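Below: the structure, in structure tokens.
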Amino acid sequence: MLSELGGNTIRTFDTTHIDSILKKANETNIAVIIGLPIPESKHMYFYNNDVEVSKQFKSIQKLVNRVKNDPSVLMWCVGNELVFPYKPSYNKFYRAFNDIVDMIHRDDPDHPVTTTMINFQRKTVFNLKMRTDIDIVSFNVFGGIRSFSQELKDFSWFWDGPYLLTEWGIDGPWDGTPETAWGAKIEPTSTKKAEQYYSRYKEQIPYKDPRLLGSFIFYWGQKQETTPTWFSIFDEAGNKTEVVDAAEAIWKGKQLASAAPQINYMLLNNKGAKDNIFLKPHEKNTAEVFMLKGDVSNKRIVWEIYPEDWYKIDSVNNTKKPLPINGLVEQMGDLKVIFYTPKKEGPYRIFATIYDDKGYVATCNTPFYVLKTDESSRASN
């Protein structure tokens with residue numbers, strides 16, 4: 001599908017299943033930037049261990065030499081969103097990083113080497129230029145794209161090399177996204193996301209800059225990050241959202257048009273997410289989805305309630321989808337639904353997923369908070 005819609009390159013985060021990925025990429029004329037994951041610089045216990053560093057180097061060298069002649073290999077990406085500090089105490093990290101980069105230049109001179117950073121960081125660009133031999137600098141930029149072009153321009157006196165946007169997309173949950181009083185991030189509908197992808201590329205991606213070698217829409221698949229739908233351009237069954245059509249319009253230089261179900265907004269008890277919806281335990285409520293187009297024939301709608309996903313380890317988002325809370329939805333299959341709130345106090349979301357008969361899916365959700373009042377607490381006792 002990626003090839004048919006005008007995409008030409010994918011980037012992997014790691015080397016898992018790299019042989020099957022390269023085989024499929026060859027069959028569909030897709031190039032691959034292969035991610036070579038290495039520990040972050042903060043893990044100096046690793047970089048101070050010469051045995052472990054040597055094992056990592058040999059493993060990467062073996063892989064590079066095994067697949068370097070595959071016609072789909074475009075370049076190598078050493079690490080993802082690494083931090084490149086100033087301090088001499090990180091010298092062994094730089095040594096390990098540079099040994100890998102130098103090895104690739106020596107063993108595979110046909111393919112350049114890059115690494116990625118979050119947004120435009122002058123300090124990191126400085127250290128990459130002064131302390132490494134990276135060929136191309138790559139940026140993962142979401143909400144930060146608004147100032148990216150100006151930041152590039154302002155630092156061009158020092159660095160004016162080639163670059164990639166290895167991740168870009170809608171605003172992430174971390175990007176100053178509107179949130180409820182209890183801190184739940186408010187997610188746009190799939191229709192709003194498609195509009196933002198398209199307008200962001202046209203208005204904020206510096207695609208006419210000769211230094212920009214390419215850009216990668218995030219995320220061509222399905223993943224859990226705050227919600228199972230925030231960045232997911234497809235659902236778990238492979239149904240495509242309206243964002244797929246936005247990607248095709250971007251790649252082929254067309255106007256944005258889509259046959260997908262288009263959602264205008266969702267209301268819960270006639271309130272929107274920004275209204276800070278507090279509800280009582282085991283209370284009957286209504287939720288309704290309003291479409292942009294009146295015709296909703298040949299569509300089905302699935303309603304689900306999930307606990308808010310705030311689970312993190314070392315500030316890293318949970319990647320496993322929470323389990324839905326079953327038995328709360330009274331009726332299914334209509335744009336308006338009656339449901340009961342969970343009995344347990346805490347933050348939740350109600351999700352609506354709309355399917356059509358053309359392989360499209362549309363998504364939206366509304367966060368709410370179940371608050372046990374004194375009255376309900378006494379009643380339960």
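Worth saying up front: this structure is predicted, and the values here are computed from it rather than measured.
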Is it the case that more than 12 heavy atoms not belonging to [X] sit under 6.0 Å from its [atom1] atom?
X: Glu4; atom1: CD; answer: no
X: Lys129; atom1: NZ; answer: yes
X: Lys252; atom1: NZ; answer: yes
X: Lys202; atom1: NZ; answer: yes

### Query
Any cation-pi pair here, Arg300 with Tyr355, using under 6.0 Å and within 45°?
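Yes, Arg300 lies over the aromatic ring of Tyr355.
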### Message
Distance to the ring centre below 6.0 angstrom and angle to the axis at most 45 degrees; does that hold for Arg11 and Phe216?
### Response
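The answer is no, since Arg11 fails at least one limit relative to Phe216.
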### Task
Would you check if the side chain of Lys92 reaches a backbone N or O of Val53 as a donor-acceptor pair within less than 3.5 Å?
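No; zero donor-acceptor contacts below 3.5 Å.
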### Query
Under the 3.5 angstrom rule, does the side chain of Arg131 hit a backbone N or O of Asn91 as a donor-acceptor pair?
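Side chain of Arg131 to backbone of Asn91: no pair is present.
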Would you please classify the geometry between the [Y] ring and the [X] ring as parallel, tilted or perpendicular, with 30° and 60° separating the classes?
X: Tyr45; Y: His43; value: perpendicular
X: Phe278; Y: Tyr369; value: tilted
X: Tyr219; Y: Phe13; value: parallel
X: Trp159; Y: Phe120; value: tilted
X: His282; Y: Tyr340; value: parallel
X: Trp168; Y: Tyr201; value: tilted

Is it true that [Y] and [X] share a donor-acceptor pair across their side chains at a distance under 3.5 Å?
X: Tyr360; Y: Asp245; result: yes
X: Thr166; Y: Asn140; result: yes
X: Thr191; Y: Thr189; result: no
X: Glu242; Y: Ser190; result: no

Which heavy atom in [X] sits nearest to a heavy atom in [Y], and how many Å separate them?
X: Tyr47; Y: Ser41; result: CE1-CA, 4.4 Å
X: Gln56; Y: Pro39; result: OE1-CD, 3.0 Å
X: Phe368; Y: Pro342; result: CE1-CD, 4.0 Å
X: Cys77; Y: Thr116; result: SG-CG2, 3.5 Å

### ring-ring contact (aromatic ring centres under 6.0 Å, His included) partners of Tyr265, counting only residues at least two apart
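Tyr265: ring-ring contact (aromatic ring centres under 6.0 Å, His included) contacts with Phe290.
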### Query
What residue among Asn285, Thr366, Asp275 forms side chain to side chain donor-acceptor pair (under 3.5 Å) with Asn269?
Asn285
### Message
Just checking Phe148 against Tyr163, ring centres under 6.0 Å apart?
### Response
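Distance test on ring centres: under 6.0 Å, yes.
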Check whether any side-chain heavy atom of [X] sits under 4.5 Å from a side-chain heavy atom of [Y], and report yes or no.
X: Asn127; Y: Thr132; value: no
X: Trp76; Y: Ile100; value: no
X: Asn119; Y: Glu151; value: no
X: Asp209; Y: Leu152; value: yes
X: Val78; Y: Ile60; value: no
X: Thr115; Y: Phe97; value: yes
X: Ile205; Y: Ile250; value: no
X: Val370; Y: Lys344; value: no

### Task
Evaluate the criterion side-chain hydrogen bond (donor to acceptor under 3.5 Å, both in side chains) for residue pair Asn26 and Lys23; output intermediate values, then yes/no.
CA-CA 5 Å; Asn26 277 315; Lys23 181 176 181 292; over 6 Å; no
### Query
Can you list the steps and then say if Phe84 with Phe93 is a ring pair (Phe, Tyr, Trp, His ring centres under 6.0 Å)?
CA-CA 9 Å; Phe84 291 84; Phe93 160 74; 5.5 Å; yes
